[in-house]
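Right, one structure below, let's go through it.
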Amino acid sequence: MGYVGYARSALYATVWSLAIWAGLYLLLTGRGERFNFGGYLLRISPYMWALYGIAFCIGLSVVGAAWGIFISGSSILGGAVRTPRIATKNLISIIFCEVVAIYGVIMAIVFSSKIAAVNSAGGFSRSDYYTGFSLFWGGLAVGVSNLICGVAVGITGSNAAVADAHDQQLFVKILVIEIFGSVIGLFGLIVGLLLTGKAEDFAGVI
């Protein structure tokens, strides 16, 4: 472990020490009620939770698609230099990676349809907080699933291109594995729909 590892360990130890010291100070001085995590969540606007969820949904999905295209595209271009016949056939790997970003865009549009302006002066209702939290976790689930899916499809597509350049009979066999990898993004889409299925539009306190 070099200097970077020692510096990272020292930083972690310092942060944990300060956190423990602050926690013990509050507990021993009779101010332990400040550890009110639920109050912290309720002080944050549900709009912020919803918008963060939408941002994670589309942002991580696009990152996963770009990462997969980078991984598989470089192998396709490199292999096509020696075996030009693989260039067109292996473009299906690029399409699979791009579908991951489309999943994120579709789900972001679905999530954003639940956001509406609150005209009530009474603030937000429990339903609004439920909608904000569900959109946040639904968007995060979709984004992380699509990120992992994009990387999985990219690595599989890269190996498919290399294998196809060596033996074209291996392409279909590896393509089946690539299809199963691309289904991960569809699973994330379903999970996002399940998490936000009962979320209602923002309405405020009536």
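The first residue in the sequence is number 1, and the count goes up from there. A quick note: this is a predicted structure, and the numbers were derived from the prediction, not measured.
Here the CD1 atom belonging to I69 is positioned 10.0 Å from the CD1 atom belonging to I95, to the nearest 0.5 angstrom. Distance NE2/H166 to OG1/T83: 10.5 Å, rounded to 0.5 Å. Within the model, atoms OH of Y103 and SG of C149 stand 7.5 Å from one another, a figure rounded to the nearest 0.5 Å. In this structure, D128 CG and I115 CD1 are separated by 11.5 Å, a value rounded to the nearest 0.5 Å.
Using a distance-only test at 3.5 Å, with no hydrogens or angles considered, no donor-acceptor pair links the side chain of T156 to the main chain of V153. Of the possible donor and acceptor atoms, none in the side chain of Y130 sits under 3.5 Å from a partner among the backbone N and O of E200. A donor-acceptor pair under 3.5 Å is formed between the side chain of S134 and the backbone N or O of T131. Using a distance-only test at 3.5 Å, with no hydrogens or angles considered, a donor-acceptor pair links the side chain of S112 to the main chain of I109. With hydrogens and angles ignored, the 3.5 Å screen pairs a side-chain donor or acceptor of R85 with a backbone N or O of D164.
No more than 12 heavy-atom neighbours from other residues, nucleotides or ligands sit within 6.0 angstrom of OH on Y52. Heavy-atom contacts from other residues, nucleotides or ligands closer than 6.0 Å to CZ of F70 number 12 or fewer.
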Evaluation steps, side-chain contact (heavy atoms from CB on, under 4.5 Å), between F96 and I179: CA-CA 8 Å; F96 282 153; I179 292 173; 3.9 Å; yes
Take S72 and S93, measure what side-chain hydrogen bond (donor to acceptor under 3.5 Å, both in side chains) needs, and give me the verdict at the end. CA-CA 7 Å; S72 60; S93 300; 5.5 Å; no
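Under the side chain to side chain donor-acceptor pair (under 3.5 Å) criterion, N159 pairs with no residue, sequence neighbours left out.
Nearest heavy atoms, N146 versus G104: ND2-N, 3.7 Å.
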